[in-house]
Protein chains: 4
Amino acid sequence: MSEAKTPDTGRRSERSHQAILKAVVELVGEQGYTRLTIEAIAARAGVGKQTIYRWWPTKGALVLDAFAALMGDVAPLPDTGDVAADLRGVIRATVAELGAPRFEVPSRALTAESQMDPALAKQFVDTLLRPNLEVTKERLRAAQKVGQVARDVDLDVAVELFFGPLFHRWLLRTAPLSESYADTVVDYALAALRPRKSPGGRG
Amino acid sequence: MSEAKTPDTGRRSERSHQAILKAVVELVGEQGYTRLTIEAIAARAGVGKQTIYRWWPTKGALVLDAFAALMGDVAPLPDTGDVAADLRGVIRATVAELGAPRFEVPSRALTAESQMDPALAKQFVDTLLRPNLEVTKERLRAAQKVGQVARDVDLDVAVELFFGPLFHRWLLRTAPLSESYADTVVDYALAALRPRKSPGGRG
Amino acid sequence: MSEAKTPDTGRRSERSHQAILKAVVELVGEQGYTRLTIEAIAARAGVGKQTIYRWWPTKGALVLDAFAALMGDVAPLPDTGDVAADLRGVIRATVAELGAPRFEVPSRALTAESQMDPALAKQFVDTLLRPNLEVTKERLRAAQKVGQVARDVDLDVAVELFFGPLFHRWLLRTAPLSESYADTVVDYALAALRPRKSPGGRG
Amino acid sequence: MSEAKTPDTGRRSERSHQAILKAVVELVGEQGYTRLTIEAIAARAGVGKQTIYRWWPTKGALVLDAFAALMGDVAPLPDTGDVAADLRGVIRATVAELGAPRFEVPSRALTAESQMDPALAKQFVDTLLRPNLEVTKERLRAAQKVGQVARDVDLDVAVELFFGPLFHRWLLRTAPLSESYADTVVDYALAALRPRKSPGGRG
DNA sequence: ACCTAAACGAGACGGTACGTCATGTCTTTTT
DNA sequence: AAAAAGACATGACGTACCGTCTCGTTTAGGT
């Protein structure tokens, strides 16, 4: 996906390019990210190592590319008028994704790698994460307009109120994720955002 | 810390043990976790490599031990009667810690490593994270008793409402942490937990 | 055998001593000399490593001791009056020994080790080899007295005329040893030693 | 020498190849064979260890190659008509070689190593030893043709009559080698091969 | 019968080298 | 000219043994 728009910066072998991404996806699935080697990728893809080094700066960037190609584009959230229901939709979907091995392995790998590599972190967030946060934020903005969410709420923080608990649990493995947990989080987070009856600021 | 009371097996050289932990802390600070090498630790500590492999299963476990030895014990939260103030204390302190290089480097490393190693994740969480969550939970329980927090709130989720957004921002680097951000999070999270005026449960 | 006469230099555990020699013989047989380790010997013998280091200076010395204990004492050659027949006896016996795995493995090992360790070489030769050369020399001396071997022959060289070719073949593996080869060597060597009809020196 | 003409496989770096052989010769000279390590060779040659492991199966094979490159080709023995004189030439030369440290150290090492490694033994003998035996055998064959050596003599055994005693003394260190010893051996061995005056075969 | 000193088993220790793996670069050969 | 193939220097891996060094625990005289 990140390569989707680069028309022709001298790249030659589209065949090699695809074979490499395919090999990465396969090998990450088979052996995990830690045991993933450039040598193995080259061998599996039937490609010289140099060809990989030529086009990707790090293993992380390569995995990100391979993983991004796998993900569909992010659709805007529906607006049924029922904020709670609409948000339960995204959060439940996120819980499901985080639990699906196909996404879990590369997601954890990329998050891990991002800890030591801020450049990768940025690309990872911008490519895969931010779009999801943005559509949620958009839905919240709509709710704000119709008075279901308080006017003065900082929507960036608001979004984190929904996703933060999820990721905390998932990344630190403090407890398992479940659909009912997703619902509880949505429930609490919405309570935090609800407009007050009485005039005057918060706190 | 985790080794403080173990007179257990035939462990002999306390001198070597300490030298190793010290070398780890120094080297992580100097070169970061990724460039940390068992060979370098052994050399710096004046110790045979086998002595390290004998007592720690992985580099992660070793760093965890070294890092844990650095951290003081976790004190219970004060209870001034003002929940908001008391919680702002912990959350601000957490933000400060996450930003201090001395803690940031090993914390990120251990979080990253935990992604690929659930056993390490468990030890990491139990040793370093859970105690902080627990004291916060305890303070919330007290607040619950005096009616500042709704009776029916799930305190595990409640705690995540405070820490989740923080870690989300920090781990994914979506935006910088600041003291005012800490306050905002406390503000919103407390709003979510406040008892309703009207009778009738939540949800 | 080399330890047979040491009455009491503070040595205590005869049990351990024997267990060590036994372990050495077994392990050399099972894995060869190169793969023989002090650690394995200690483990097999149920003995601390120090006990081995206490009593033997090198692995070679230990193997020599173990091997020497296996060999019987050397008996003098019979003197039937027929030098050729008597010598064929020893030489054939030597060929047989060199071919028997039980002797071959440690013999080769000790010869190899002797190349790098002159002290071991001396002990090896004095203990295991020289006696055999001496009895042969003795038989040749007797032959000399009855005129079957020339008066002026240097018996040390004479003995080497018999054993030299054998060891040359065996050590360098230029060709296999056989009984008929033994006989040929005896034949040729005796021809070299036979007194000349004509008076006057050799050459 | 053994590598001189091989344009065979994908071998690339002739520079590395030569540096390795040079390092081996130097290090064997400086520290002896036992203390020779692959790591030291690689370091001295400025070469990766893998490059050594790629081209040589064992330390012994490497030393053999390095040693062989040092030795000149073997010239045929002169035929002055005087067998005794011609043979004294080779045998004296052999004694001299066996005593020269430059040859002694690797020769002993290779002989030792050959005891535990028949494949190496074969290569060692074929490369370095057999040629010398062959030229000697050739000279004896010539002597046979002019009646200085008995017709029915097995020349393989005959050659061992000259070299066997030498190697026996040298390998087992039963006594020192000297020029006069060389002459004595030639003297005796030739006596063994001389044709009988009387008709009728040997033994 | 006790006492003391050594020898002992066990095995941790600081080291050295092993042989393997993967890195990222460089070189050759093929297309 | 770019690609595959793969050799190369580098450097770390985790393992095997080395020979030394504590640890208690036998065990054997000497008292």
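Residue numbers begin at 1 in each chain, while the letters A, B, ... track the order of the sequences. Note that the coordinates shown come from a computational prediction; the quantities given were computed from them, not determined experimentally.
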- Could you state the CZ-P distance from B/R44 to F/dA12, rounded to the nearest angstrom? 14 Å
- Query: So, does A/Q123 use its side chain to make a donor-acceptor pair with the main chain of A/A119 at under 3.5 Å?
  - Reply: no
- Taking every non-hydrogen atom, the tightest pair across D/L21 and D/A69: CD1-CB, 4.5 Å
- Task: Determine: side-chain N/O of D/S16 to OP1/OP2 of F/dA9, distance under 4.0 Å, yes or no.
- Result: yes
- Closest nucleotide among F/dC18, E/dG9, E/dG19 to the C/R15 side chain: E/dG9
- In whole Å, what is the span from the CG atom of D/L27 to the C1' atom of E/dA17? 14 Å
- Item | Protein-nucleotide distance (D/E14, atom CD; E/dT27, atom P), rounded to Å | 16 Å
- Message: I need the CD-C1' distance between A/Q18 and F/dA3, as an integer number of Å.
- Response: 17 Å
- Is a side-chain N or O of A/R102 found less than 3.5 angstrom from the main chain of A/G29, in a donor-acceptor match? no
- Spacing of A/H17 atom NE2 relative to F/dA2 atom C1', expressed in whole Å: 16 Å
- Indicate whether OP1 or OP2 belonging to F/dA4 is found under 4.0 Å from a side-chain N or O atom of A/T51. yes
- Message: From the set E/dG19, E/dC13, E/dG24, return the single nucleotide nearest to any side-chain atom of D/I38.
- Response: E/dG19
- Message: Donor-acceptor pair, distance only, cut-off 3.5 Å: does the side chain of D/K59 make one with the backbone of D/Y33?
- Response: yes
- Query: Between C/R35 and B/A40, which is nearer to the 5' end of DNA chain F once each is assigned its nearest nucleotide?
  - Reply: B/A40
- Message: On the side chain of A/K49, is there an atom forming a donor-acceptor pair with the base of E/dG24 - under 3.5 Å, no angle test?
- Response: yes
- Toward the 5' end of DNA chain E, by each residue's nearest nucleotide, B/A45 or C/V47: C/V47
- Task: On DNA chain E, check which nucleotide each of C/G46 and D/L36 is closest to and give me the residue with the more 5' one.
- Result: C/G46
- Message: If I take atom CD1 in residue A/I52 and atom P in nucleotide F/dA2, what distance separates them, rounded to the nearest angstrom?
- Response: 18 Å
- Item | B/E39, nearest nucleotide to its side chain (from F/dG14, E/dA12, E/dG14) | F/dG14
- Compare side-chain N and O positions of C/R54 against OP1 and OP2 of E/dC8 and report whether any pair is under 4.0 Å apart. yes
- Query: If only atom types and distance count, is the side chain of B/R44 paired as donor or acceptor with the main-chain N or O of B/A19 below 3.5 Å?
  - Reply: no
- Could you check which of E/dG24, E/dC13, E/dC18 has an atom nearest any side-chain atom of A/Y53? E/dG24
- Below 4.0 angstrom from OP1 or OP2 of E/dC13, is there any side-chain N or O of B/W55? yes
- Message: Just the rounded figure in Å: distance from P of E/dA17 to CD of B/Q50.
- Response: 17 Å
